[in-house]
Amino acid sequence: MWAFYNGRTQARGKREGREAKSHGGYSKKRLNPMAHRLLVRRIWTLSVKDHRCLPASTSSFSTSLRSSTTPLSLLSPKRTLPRSLPHTSRREVSFNVQDHEDFTERVINSELPVLIDFHAQWCGPCKILGPRLEKAVAKQKGKVAMAKVDIDDHTDLAIEYGVSAVPTVIAMRGGDVIDQFVGIKDDEALDSFVSKLVGQ
Amino acid sequence: MAALCRVRHRWKRTNCIQLLTRNLTGTFDYDLVVIGGGSGGLACSKEAAQLGQKVAVLDYVEPSVKGTKWGIGGTCVNVGCIPKKLMHQAALLGTALKDAQKYGWQITGPISHDWSTMAEAVQNHVRSLNWGHRVQLQDKEVKYLNVKGSLLDEHTVKGLTRTGKEIMLTAKNIVIATGGRPKYPTHIPGAVEHGITSDDIFWLKESPGKTLVVGASYVALECAGFLTGIGLETTVMVRSIPLRGFDQQMAGLVTDYMEAYGTKFSWRSVPKSVDKLSSGVLQVTWTEEQTGKDQRDTFDSVLWAVGRAPETKTLGLEKVGVKLNKESGKILVAADESTSVPNIYAFGDIGEGRPELTPTAIKAGKLLARRLAGQTNELMNYDNVATTVFTPLEYGCVGLSEEEAESRHGKDSIEVYHAFYKPLEFTVAERDASQCYIKVVCKRGGDQRILGLHFTGPNAGEVTQGFAMGFQCGATLTHLKETVGIHPTCAEELTKVNVSKRSGLDATVTGC
């Protein structure tokens, strides 16, 4: 796990000319996992709503699979997927994260701002939020990307970003966490969240 | 990518060197390493971490013969208590739907059950629990490693990852809480190739269909119970007696109810072989002990519930000197969960003579952690532990069985009070309540201390829990009789027992 931290700093160091910008709100460079968790909890307790999957609770929503996650999640975590070289820009606006390297490449090193959707198969509210997020991202017409992380497939990654309840959505720009929320948001609130990330 | 690889390699080498130096100077990587991330292991490691110890927990699930595997949490969370109770609930709801019509509910079409819907919902809940445990370990700062742990010496644990990589950890104290796994009757041809166990049944994506459950333990009866309840043709094959170790009169009531409600029983039968036919169904041949004749039938699934074996084989215990019970293979432990090796402890299902229950493992684990941290000298009290068997007619009990009480105190020194009652809810539903029964085994004379309490009926677990507290406090029959019942409930019948077996009077409860 420590190797992953190191690896990521290495990769980030490679990106020359990029400075850590302050983006208002939670303006630090990527917070350490502990601070992250405290942050998440603070937001969580502030916005206590019912639309959340707590680790130990079950959802009462339908368990139909999210069609957007099915095709790619069947393929993960195989590394033999043909992938384009790191330098070519990603065409897909919304994608499933395959592994740590994929995350580094397509999320941390992304030229676009990225929404990271931490979700789980067993989480009902995630299945409600998912399509809403897709809609909000589509409205931005390629100005923002969305990375989907299944927390059961990528537990270490989820833990590292302090995810305890799902859905957790993190807004990232230039490898830095700009904003995040836990639970469901309605379309209007999502549009506002995404616009803020894009910088409108 | 290359940078990443280099960094990893450098770290690994440094880490190994650091380990060596630490060993030589006498300090360890961890204060405590727990091998086994089940009910016991997790409770112990989290408690220890909370008390300021540096703890690591190693959890690894060797896939079942059929390839089933699961996440952190152990047997209870993944292939035991939790999915069992949920499927039991699914079956009870089926019965409730049938009763509902008598209560006025208009149910138009035929009622059928879809296994896949239930299985997915149950499996999703289990996965949410896996995640919850993971988060808890993170929050409590317990290092979690998904590796197969084994002992190299009394302070060194080797961990093997799924890909075959080895890691080493040194620890001041080591706790083994690896639990057990279902046994396969390997001497029966076809048993391993064609049968499944409780490790698999909860994770099946498709319905098991017509099922043969071999065994008469609570695992066998509970599984057969919910399979019948959801509408599957189920047969239980019993070699000798049901629920060995439990009060046999109560065990008989449990199986009588199951037979009355549609589970087939093949008594005094021993399976001989399992063959797979070209159609895909399994043909089972068995011997009826009474007649000596061989019988044959076909099933879609065969579920072996013939006992559980402790997970000790790959732990390297012999090398380190941890003694096992030769017959059971479990680790010999003292009252403080210590083994034959000073700083190595073992508890939970793996401990010889310990109840195979989650709550005792959790409590024992917490107390062990506190003792190791020097916070207490309190030992785990394994007496007076209440349990419930979640068969279609649930059976809850605390204390001694009638047989055990007789053997310990003598038949003349005990008084057994009993009653056959009818749950109010069964009346309108026109359900047979012949097996709903209560038994209170007391010491004869004096304050008539309660030695054992037994209850078959709906929600037996909920009923028994409260009485278990009274039992723990040394309740007597007088205490019980002085307790005013809550009306109308099944539990209140316990406060009203007054007919003794000795009197020979009719024990059927009549009206209010």
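Computed from a predicted model, the values in this text were never measured in an experiment. Each chain gets a letter, A, B and so on, in the order its sequence line appears, and its residues count up from 1.
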**Asked** What pair of heavy atoms forms the shortest contact from Val163(A) to Trp131(B), and how long is it?
**Response**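 Minimum heavy-atom contact is O-CZ2, 3.2 Å.
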**Item:** Non-neighbouring partners of Phe390(B) that pass ring pair (Phe, Tyr, Trp, His ring centres under 6.0 Å), sequence neighbours left out
**Value:**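 Applying ring pair (Phe, Tyr, Trp, His ring centres under 6.0 Å) to Phe390(B) gives His88(B).
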**Prompt:** NZ of Lys140(B): more than 12 outside heavy atoms within 6.0 angstrom?
**Reply:** yes
**Message:** I'd like to know whether NZ of Lys172(B) has more than 12 heavy-atom contacts from other residues, nucleotides or ligands below 6.0 angstrom.
**Reply:**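 No - once you tally the heavy atoms of other residues, nucleotides and ligands closer than 6.0 Å, there are 12 at most.
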Which pairs of donor and acceptor atoms, one on a side chain in residues 181-189 of chain A, lie under 3.5 Å apart (sequence neighbours left out)?
unit_1    : atom_1 : unit_2    : atom_2 : d
Asp186(A) : OD1    : Glu188(A) : N      : 3.3
Asp186(A) : OD1    : Ala189(A) : N      : 2.9
Asp187(A) : OD2    : Lys135(A) : NZ     : 3.3

**Asked** Rounded to the nearest 0.5 Å, what separation is found between the CZ atom of Arg134(B) and the CD1 atom of Ile159(A)?
**Response** 4.0 Å
**Asked** Nearest 0.5 Å, what's the CD-CD distance between Glu160(A) and Gln138(B)?
**Response**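 Here the rounded value is 9.5 Å.
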